[in-house]
Asker: 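Quick one: the structure is below, and I'll ask about it shortly.
It should be emphasised that the depicted structure is a prediction, and the values quoted were computed from it without experimental measurement. Computation of the quantities below employed the complete heavy-atom set of this structure, encompassing side-chain atoms and omitting hydrogens, waters and symmetry-equivalent molecules.
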Amino acid sequence: MPSASTADAGRGRRIRWARRIRDLGGAALLLVLLVGFVLVTAGPRVLPYQVRYVRSGSMAPAVPVGALAVYVPTRAADLVPGDVIAFVPPGRSTEVVAHRIVDVEATPDGRAFVTRGDANARPDTWRVPARGTGWRQTLALPYLGYALAALVRPVVRLGLLGALTVAVAATLLVRLWRPGRRPVPDRPGAPGTHG
């Protein structure tokens with residue numbers, strides 16, 4: 001039968017491993033969130049993709065309100081019916097719409113895409129010129145668009161920065177003042193020791 005001190009030592013090892021796993025899990029989660037934040041906010045400025053959050057239900061249920069949609073540049077010649085594209089409708093100012101291509105028509109100005117929101121009964125009244133390069137949706141992540149919408153607000157960004165600062169400071173203080181840390185004893189003959 002193991003002695004009490006052996007059982008205590010085994011329990012102590014298990015607790016240390018559990019703490020290490022917890023710490024690594026927390027660090028991994030923080031790293032994933034940080035990388036995701038950079039990919040969503042800074043990535044589109046330097047890499048060839050765009051992210052947008054879905055504000056209307058015209059593409060539901062395939063792309064619900066609040067989803068985070070990712071778009072990549074695609075030549076118009078490579079776009080086909082079934083693709084979801086982001087575009088500024090002809091004759092509109094800067095409003096970006098994301099609808100599915102349902103048909104391709106020949107017009108006096110060349111090929112044009114007929115688009116429609118999945119939740120809409122009829123195709124859109126406009127025709128999107130099928131030339132140059134456009135933005136094709138490659139991914140839609142439900143609910144993550146709400147987070148992107150919140151990050152646009154300065155008060156939220158400032159609050160996140162403050163929370164991150166407090167979390168880092170608290171972690172450092174806990175590590176500095178953690179009870180149970182024992183000083184390393186001086187070794188005989190080591191520099192700065194007597195004896």
Asker: When you group the ILVMFWY residues by side-chain heavy-atom contacts below 4.5 Å and let the links chain together, are Val84 and Tyr49 in the same group?
Answerer: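 Unlinked, Tyr49 and Val84 end up in two clusters.
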Asker: Are Leu148 and Val38 grouped together when hydrophobic residues (ILVMFWY) are joined by side-chain heavy atoms under 4.5 angstrom apart?
Answerer: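 No.
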Asker: Which pairs pass salt bridge (charged side-chain N to carboxylate O under 4.0 Å, His left out) with one or both residues in residues 36-63, sequence neighbours excluded?
Answerer: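 Sorted pair list comes back empty.
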Asker: If hydrophobic clusters are built by linking Ile, Leu, Val, Met, Phe, Trp and Tyr wherever their side-chain heavy atoms come under 4.5 Å apart, do Leu47 and Val72 end up in the same one?
Answerer: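 Yes; Val72 is reachable from Leu47 via cluster members.
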Asker: According to salt bridge (Lys or Arg N to Asp or Glu O under 4.0 Å), who are the partners of Arg116, at least two apart in sequence or on a separate chain?
Answerer: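 Listed in chain order: nothing, the list is empty.
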Asker: Yes or no on side-chain contact (heavy atoms from CB on, under 4.5 Å) for His99 and Asn120, after CA distance, side-chain angles and deciding distance?
Answerer: CA-CA 10 Å; His99 280 176; Asn120 298 343; 3.8 Å; yes
Asker: For Ala98 versus Ser58, what's the shortest heavy-atom pair and its separation?
Answerer: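 Nearest heavy atoms, Ala98 then Ser58: O-OG, 4.5 Å.
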Asker: Which pair of heavy atoms, one from Ala62 and one from Arg100, lies closest together, and at what distance?
Answerer: CB-NH2, 3.9 Å
Asker: So, taking the atom named OG1 in Thr115 and the one named CG in Asp83, what distance separates them when rounded to the nearest 0.5 Å?
Answerer: 12.5 Å
Asker: Should Val70 and Val96 be regarded as members of a common hydrophobic cluster, given that ILVMFWY residues are connected when their side-chain heavy atoms come within less than 4.5 Å of each other, either directly or indirectly?
Answerer: no
Asker: Answer yes or no on whether Arg14 is positioned over the face of Trp17, meaning its NZ or CZ is under 6.0 Å from the six-membered ring centre and within 45° of the axis.
Answerer: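 That pair does not qualify as a cation-pi contact.
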Asker: Among Ile85, Val80, Val128, whose side-chain contact (heavy atoms from CB on, under 4.5 Å) with Ile101 holds?
Answerer: Ile85
Asker: Please report the shortest heavy-atom distance between Phe113 and Ala76, naming the atom on each side.
Answerer: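 The answer is CZ-O, 3.6 Å.
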Asker: Looking at Pro44 and Val51, what are the two nearest heavy atoms and their distance?
Answerer: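 Residues Pro44 and Val51, closest heavy atoms: CG-CG2, 3.9 Å.
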Asker: Measuring from Thr171:OG1 to Leu176:CG, what's the distance to the nearest 0.5 Å?
Answerer: 11.0 Å
